Every structure is written in structure tokens, then in C-alpha cells.
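Data block below; observations after.
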Amino acid sequence: MPLKQLYTTTIGCQMNVYDARQMAGVLAPLGYAKTDAIETADLIVVNTCTIREKAEQKAFSFLGRLAKYKEANPNLIVAVGGCVAQQEGKAILKRVSHVDLVFGTHAIFRLPELIRKIEETRCRLVDVRLSDTLEQDPLISAPVAEGEISTFVTIMRGCDNYCTYCVVPHVRGREASRHPDRILEEIRIQVDNGIREVTLLGQNVNSYGNKEGLCSFVQLLEQINDIPNLERIRFTTSHPKDLSPELIKAFGRLEKLCHHIHLPVQSGDDVILKRMNRRYTRSLYLEKIEKLRESCPDIGITSDFIVGFPGETHEQFEATCTLIETVRYDGLFAFMYSDRPGAPAAAFSDKISESVKKLRLQTLLDLQADITAQKYQAMVGQCHPVLVEGTSRFLETDTTPGVKVDDACDLVQWTGRTSANHIVHFPEKAAEAGKSPLTGTLATIRIGGVHAHSLWGRRVSNNEVR
Ligand code: 5AD
Ligand code: SF4
């Protein structure tokens, strides 16, 4: 079969990154091979996100820029997948005349049949059917890229939580979990492909399997923990209201489970939390943080925040700041609230102005930057096992003591993460690096200092330690 070129671009969350790989996997039997050259592609798939207004704008502006490729090659197929596709459906065909296919988040496995039909008839198609189950869950395990050692595995789709600002339950549909056997098989295949770390994905992993009567999330983790040659397990995201004592205890107990949790709180104020329909209070959240640290003292904790939720007063925003000061996160993502069509908060009154939202966002980021800097500084001198992900551009050689700029050309800069998810760079003589490639191994690094968003250090021994 002649090889056709597939170009994919992904906007949005890790689930979209996973979906893009699945898309490439299902299209391979049709003769499509991935390319980085958009100009010569036969099929362009734009995997979109609608969680915040900005992401949706980005999707449409990218789509607009594709007109010139379609003009140059009328046989080019332009397909739009992901959340914007799911939500907008055929409106996208009307709005963007060079789009051939709109396929929703549940249509990935129907992609080959849709593309084949377009190839044969040059028709324009829309498939945004949603289903409440994962009745179609073929094991695809599209190959990971050469040298990749970490990958995502989706364990559940959809969300039943209905936070008032959020479009996900309206777009991605009801929560549905994959069967553990499929998940385990997929991870085993990926470990055979060289993967050493998996990040399990779901909107709310703590309710994994509940509906279907499958095993619990912790039982799933236990089984994944037993997979030989897998070094590390991560997961995201856990809803604070559902974070169970069993999962909290698993952090100290399952040796492959990384000491990191992403626990989005969104706000530190009880009234706002209630209006967001988060179904926990500030004190309940703080109690869980305390228990996590009791169970696993060195756990890295990160979170998501929304500033400028409708009606958020200055005092309520201050409560978010004091929560950040109390928890002292290892990192956070902060977003300015944006209306999402279909999400109840879009109809709330007392919208906050863009300028106030911007100011609050900056205040929050500055606050966290100070905390991160202090936390990084406290790590200097400590040794941490780092799972090496590969090499990176040499950073600020002049600020890395012991590395003269003249020597830098003989050095390779390696990059990896600590169990708590801190990024660490360390230099190594190029010749030595050639002899024993470090990618995929656990290296022990003594932290020497801090960059703006990462740490640097030195490898202290060749021993691979947990
Ligand atoms: N406006 C701003 N941020 C949002 N998020 C979700 N919906 C919105 C919205 N309407 C943020 C939340 C969530 C993260 C993935 O995106 O913080 O945890
Ligand atoms: Fe959206 Fe809330 Fe579900 Fe997360 S838990 S996907 S914020 S509805």
C-alpha cells in the first residue's frame, strides 16, 4: 500500500495527547504514516480542546491557516477531532469551508471508516455520536516515538461531576471506565516498547470502575505496580472529594507509585467552592493534604486554580492566596475564568472584568513563584532518584558551577524527573554518555542549584536506585 502522510496537531490536555496517538494507531492500517511536514501531508488531523476559551480560539485560528494547504493540494483531507469537534459538530463544516471531517471524542475508533469514505467519495462528514460506555475499546497501543520512555494511558473517559464552570461533562459525556485487563495489557505492550513510566489518565481517577463494578482504582494501581520493568506510575486527575483513605495510603505503600499528586482545588473560599459545585470545603481539602503528607512526607502536591469566577470578591480571592500559603504547593496551574457554552456558570451574574482577572492571576503566580523558589532552594544538597527522559539543550552553563563554557561542547545535558515530578538537568561527559545511554534509567542526582523552572545537579553514582 502506498504510504500516505498524516500530520496531527494537538491542543489541550494529556488525554488529547493520548487520543492523538490512538488516532495515528487506527490510521496506520490505511497506509498513513506520521509526518512533521504539514506542507506535504495527505491528511491533517487537528485535535481540539474547548475547556477554556483560549484553547478554542487557538483551534479555529489553526484551522484557518490550513486553507493554503488545501488550495495547493485539493486532495488533502482536513479532519477536526477532540472537544471542539464534539461540541460544535457540523457548525464547523459551515464555519470552515476547507474542513472535510468533524469527528467527536467517541469516534476515534470509527476514524478509519470515515477517512476511507472521504477518500472514495470526497464527501464531507460529521460523526459526533456519544455513547455511555466504552463498548468499543480495541487495544491499539500505537507505538511510542523512538526513545520515548514515558507515556499516557487513558483509564476512563468522561465526567459525572458537573462543576458549574466546566464543559467537560457536557462534551465528553458520562464517566466510563476501561476494563483493567485492557489497561494492563496496553501497559505491558508499552513496557515491551521501552516505556518505563506510565501516567494514568481520567477526569476523576478515584471513581475508576465504580459504575461498571470493576476493581477499584487502588486495586488497579496494585496490579500495575506488579508489571515487571515498569519503573514508575503517575496518574491525573483526582477530585479532592473522592480522594479515598486507601489511595492516600497507597502513596507510602506501592513502591512504583510516584510521590506526586495533582489535586485541583480551584478556590480557597467555601462560598465560591459551593457555587462551583465542587462538593468539598476548604477545611476538608486541607485535612486531605495533611493526611497525604502523613502517609508520604515527601509527596509533591500540585493544583489547578481558577481566578475571577463569577462573583469572586477580593476577600474570596485572598482566601485562595492564604490556601496556597498554607499548603505550599510544589507547583500550580492557574487560569482566568472564561464562560463555556453549556456550562451553568456562563449564566451566572457578577462577571469579573478581564483586568481584575489578569491582576489576580499575576498575584497568584507571583505567590507560587516565591514558594517554588524556596522549595527548590531547600532541595539543594539532597540526592534524588531521577528517571532520565533524554537529553536537552544545554542550559545556562555559566550558572552551573564546575562547568566551564569551553567544556560545554564535551558535555551532554540530561533531563529527567524526581518522583515528586520536579524537572532535573544534569551534565555528563559526551563520551561517557555514548558508552552508557542513560535514557530510561534511574540516576541518583545530587541537587546543585536551581534554574527558574527546574533544578540542576550531578550524578553521584551509576547505581540505579529506587
Ligand atoms: N475557565 C477557566 N478555567 C477552567 N478550567 C476548567 N474550566 C474552566 C473555565 N471555564 C480549568 C480548571 C481545571 C483545568 C483543567 O482547567 O482549573 O482544573
Ligand atoms: Fe470538569 Fe469538574 Fe469533571 Fe474536572 S471534575 S472534568 S473540572 S466537571
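Order of listing sets the numbers, starting from 1, for every ligand and every atom in it. Please read these numbers as outputs of a predicted model, since none were measured by experiment.
Using a 4.0 Å cut-off to heavy atoms of His239, the atoms of ligand 2 that qualify are 5 (S). Close contacts between ligand 2 and Arg278 involve ligand atoms 2 (Fe), 7 (S) [criterion: under 4.0 Å to a heavy atom]. Close contacts between ligand 1 and Tyr337 involve ligand atoms 1 (N), 2 (C) [criterion: under 4.0 Å to a heavy atom].
In this structure, a donor-acceptor pair under 3.5 Å is absent between the side chains of His422 and Ser454. For the residue pair Arg124/Ser97, the side-chain donor-acceptor check at 3.5 Å is not satisfied.
Partner of Glu222 under the salt bridge (charged side-chain N to carboxylate O under 4.0 Å, His left out) criterion, out of Arg253, Lys249, Lys256: Arg253 alone.
Residue contact annotation: Met336 has a non-hydrogen atom under 4.0 Å from ligand 1.
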* Would His451 and Tyr376 satisfy ring-ring contact (aromatic ring centres under 6.0 Å, His included), going step by step from the backbone distance to the final call? -> CA-CA 9 Å; His451 294 305; Tyr376 276 3; 9.6 Å; no
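Counting heavy atoms from C-beta on, the side chains of Leu442 and Val386 never come closer than 4.5 Å. Inter-residue side-chain proximity for Arg278 and Lys241 is flagged as unmet; no heavy-atom pair is nearer than 4.5 Å. Inter-residue side-chain proximity for Thr320 and Phe309 is flagged as unmet; no heavy-atom pair is nearer than 4.5 Å.
For atom 1 (Fe) of ligand 2, the neighbouring protein N/O/S atoms at less than 2.8 Å, given as residue and atom, are Cys166 SG.
Counting heavy atoms closer than 4.0 Å to ligand 1, residue Phe335 contributes side-chain atoms (C-beta onward) but none from N, CA, C or O. Contacts of Ile306 with ligand 1, taken as heavy-atom pairs under 4.0 Å, involve the side chain alone.
Ser338 OG to Ile306 CD1: the interatomic distance, rounded to the nearest 0.5 Å, is 8.0 Å. Separation of atoms CG (Asn16) and CD1 (Ile11) is listed at 8.5 Å; rounding is to 0.5 Å.
For atom 4 (Fe) of ligand 2, no protein heavy-atom neighbour is present inside the 4.0 Å cut-off.
The cationic atom of Arg110 (NZ for Lys, CZ for Arg) does not lie both less than 6.0 Å from the six-membered ring centre of Phe103 and within 45° of the ring axis.
With hydrogens and angles ignored, the 3.5 Å screen pairs no side-chain donor or acceptor of Glu231 with any backbone N or O of Glu197.
Checked against a 3.5 angstrom limit, the closest N/O atoms of Arg52 and ligand 1 fall inside it. Considering backbone and side-chain N/O atoms, Gln266 comes within less than 3.5 Å of an N/O atom of ligand 1.
Ring centroids of Tyr280 and His239 are separated by less than 6.0 Å, placing the two rings close together.
Counting protein heavy atoms only, atom 10 (N) of ligand 1 is closest to Ser338 O, 2.8 Å. Closest to atom 7 (N) of ligand 1, if we only count protein heavy atoms, is Tyr165 CD1, 3.3 Å. Atom 18 (O) of ligand 1 has its closest protein heavy atom at Asp304 OD2, 2.7 Å.
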